[in-house]
Participant: 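Take this structure, written in structure tokens, and hold onto it; I'll ask about it next.
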Amino acid sequence: MAKIQAIRGMNDILPADTPVWQYLEETVRKLVSSYGFSEIRMPTVEKTELFKRSIGEVTDIVEKEMYTFEDRNGDSLTLRPEGTAGCVRAAEEHGLLYNQIQRLWYTGPMFRHERPQKGRYRQFHQIGVEAFGMNGPDIDAEVICLTARLWEALGVADSVELQINSLGSAAARQTYREALIAYLSGYKDQLDEDSQRRLDSNPLRILDSKSAQTQEILNSAPDFQDFIDAESRQHFNELLSLLDAVGIKYKINPRLVRGLDYYGKTVFEWVTESLGSQGTVCAGGRYDGLVEQLGGKPTPAVGFAMGVERLVLLITTLARVPDYVNAFSDVYVIVAGANAGLPAYSLSITEVLRKALPGCRIVLNCGGGSLKSQMKKADKENAAYAVIIGDDEYSDKNVSVKSMRKDRLLPGGDMQMKIEKSALAGLLQSLLK
RNA sequence: GUGGACGUAGCUCAGUCGGUAGAGCUCAGGAUUGUGAUUCCUGCGGUCGAGGGUUCGAUCCCCUUCGUCCACCCCA
């Protein structure tokens, strides 16, 4: 019988890895909360139409990457390829955006049918942050600050670079788009294959083509800076001076064009050299038109999404994960003897310990085994202390405590001692403090 | 969707110019009958990714397929 395997590009996150995920999630949770953002949780599945209308019909995501299927009643549903659309839908649906501002964040799995490679999977996880109802550059700066603080908290600030750009207003983009098409059409034969294709679908993306010849043609192309509207320009300049004021370094990248249609004005991306080809670790921008586009009142908004797999990869490869994250157990309870009363005796002692030492990881050896093999298990668990309960301890109503590490000696400088069982919790409490 | 590399034990890999396979680690037991992380010994563990073809015989050669990795495309 053939074994059933996980779907391509959809990974199991194994026990060896979950501590790093939890550490990352916990760090983010504290940080977004300190910036006044509240968590929102949306369904993983939405109507297909939501993504078509928000992300854009001609984007790669909608055209060829969505997991779309028919519900039993004939509705077309889609596994969310990103979080913003669902977040806007949910906030709008529940009146969260009516004449008020909202600072929201969320996390969860997203789905895109792409060919997997390093840092890119078909089911991947994002942490997203969205701020609604504020149109000034101050909230853009605030949101970027949040990301910068996160890199500091994770110890990767030296390995990521902020790239930033302004896409201007929708009208300015449209005018520029036409000018660009007009110019490039004259060179159509000389463009690389991808760029030729994009000429109709998404001409702005030609700007970051990797073809040398295309780039040469682009050198004399119309410059977006000549098309950008005055308001967007001012917004951008104010944002940059706010970033200067808090010492956040950035690199203006005029070629930075996001792949989702709803972005306008501010766009930014945090990139790293340390992850190979998929170097974008966080990306976002302003999307003032989206709420209205989805049927709400015109509502300015700005947000970003981070790729959790990429961040985990980054802090792991750069070895920035604190040691405590991967520590296993604190105490391992060994039960070795023939007395029929041992299981109950050791279980009740362990339960008392767990009540007395909340937050400590206490493993009770189950399934028997020789003392030697149980010692090995205690060692493998990285336990700081072993509690040994055998026939002698049982009949004397006490327990033995053994230090598993030379740098954590017991009172009196011993490696092992026998004490009354009633004194065990107090002893371990003081040792593990 | 396109291209390249690769699938041998739970893990990391060796190997057979075609005669159905080995090491290290892990795990279990022992040397040390109540004491781990060192050492030594023993043992468990494989339809050599799957299917088909050539052959007396295929893990090895050929085809197909599935999967993994990396890159392109695109994106978090």
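Note that this is a predicted model, so its numbers are computed, not measured. Labels below follow one simple rule: chain letters A, B, ... track the order of the sequence lines, proteins then strands, and each chain is numbered from 1.
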Participant: Counting only distance, no hydrogens or angles, is the base of B/U35 paired donor-acceptor with the side chain of A/Gln416 under 3.5 Å?
Facilitator: yes
Participant: Using the P atom on both, measure B/A58 against B/G51 and round to a whole Å.
Facilitator: 13 Å
Participant: Looking at the base of B/C73, is there any donor atom on it, or on the side chain of A/Arg120, that sits under 3.5 Å from an acceptor on the other one?
Facilitator: yes
Participant: Using purine N1 to pyrimidine N3 plus N6-O4 or O6-N4 for Watson-Crick, or N1-O2 and O6-N3 for G-U wobble, both under 3.5 Å, which nucleotide pairs with B/A23?
Facilitator: B/U12
Participant: Considering every strand shown, what is the Watson-Crick or G-U wobble mate of B/G67 when both distances are under 3.5 Å?
Facilitator: B/C6
Participant: Once you apply a heavy-atom cut-off of 4.0 Å, does A/Gly119 come out as touching a base, just sugar-phosphate, or nothing?
Facilitator: base
Participant: Under 4.0 Å, counting only non-hydrogen atoms across every strand here, what does A/Gly9 touch: a base, just sugar-phosphate, or nothing?
Facilitator: sugar-phosphate
Participant: NA contact type, A/Glu63, heavy-atom cut-off 4.0 Å: base, sugar-phosphate, or nothing?
Facilitator: nothing
Participant: Measure distances between side-chain N and O atoms of A/Lys402 and base N and O atoms of B/U35, and say whether any donor-acceptor pair falls under 3.5 Å.
Facilitator: yes
Participant: On a whole-Å scale, what distance lies between the P atoms belonging to B/G7 and B/G49?
Facilitator: 8 Å
Participant: Base, sugar-phosphate or nothing for A/Glu82? Non-hydrogen atoms, less than 4.0 Å.
Facilitator: nothing
Participant: With sugar-phosphate meaning primed atoms plus P, OP1 and OP2, does A/Tyr121 contact a base, only sugar-phosphate, or nothing at under 4.0 Å between heavy atoms?
Facilitator: base
Participant: On the side chain of A/Arg310, is there an atom forming a donor-acceptor pair with the base of B/C75 - under 3.5 Å, no angle test?
Facilitator: yes
Participant: Can you tell me, in whole Å, how much space there is between the P of B/G53 and that of B/G46?
Facilitator: 27 Å
Participant: Under 3.5 Å, is there any donor-acceptor pair linking the side chain of A/Glu381 to the base of B/G36?
Facilitator: no
Participant: Using the C1' atoms only, state how far B/C56 lies from B/G67, rounded to an integer number of Å.
Facilitator: 34 Å
Participant: Report the base-pairing partner of B/U35 (Watson-Crick or G-U wobble, both distances below 3.5 angstrom), or none.
Facilitator: none
Participant: Report which part of the nucleic acid A/Leu311 touches: base, sugar-phosphate, or nothing (heavy-atom distance under 4.0 Å, all strands).
Facilitator: nothing
Participant: Take atom C1' in B/C73 and the same atom in B/G3, then report the distance between them in whole Å.
Facilitator: 11 Å
Participant: So if I take every side-chain heavy atom of A/Gln5 and compare against B/G67, B/U35, B/G3, which nucleotide ends up nearest?
Facilitator: B/G67
Participant: With heavy atoms under 4.0 Å as the rule, sort A/Ala305 into base, sugar-phosphate or nothing.
Facilitator: sugar-phosphate
Participant: Heavy atoms from C-beta onward define the side chain here; which of B/A37, B/G29, B/U35 lies closest to that of A/Leu371?
Facilitator: B/U35
Participant: Using a 4.0 Å heavy-atom cut-off across all strands, classify A/Ala283 as base, sugar-phosphate, or nothing.
Facilitator: sugar-phosphate
Participant: Using atom C1' in both nucleotides, what's the gap between B/U16 and B/A23 to the nearest angstrom?
Facilitator: 15 Å
Participant: Please tell me which of the listed nucleotides, B/C73, B/G1, B/C75, lies nearest to the side chain of A/Gln117?
Facilitator: B/C73
Participant: With RNA chain B as reference, determine whether A/Arg8 or A/Lys406 sits nearer its 5' end, using the nearest nucleotide of each.
Facilitator: A/Lys406
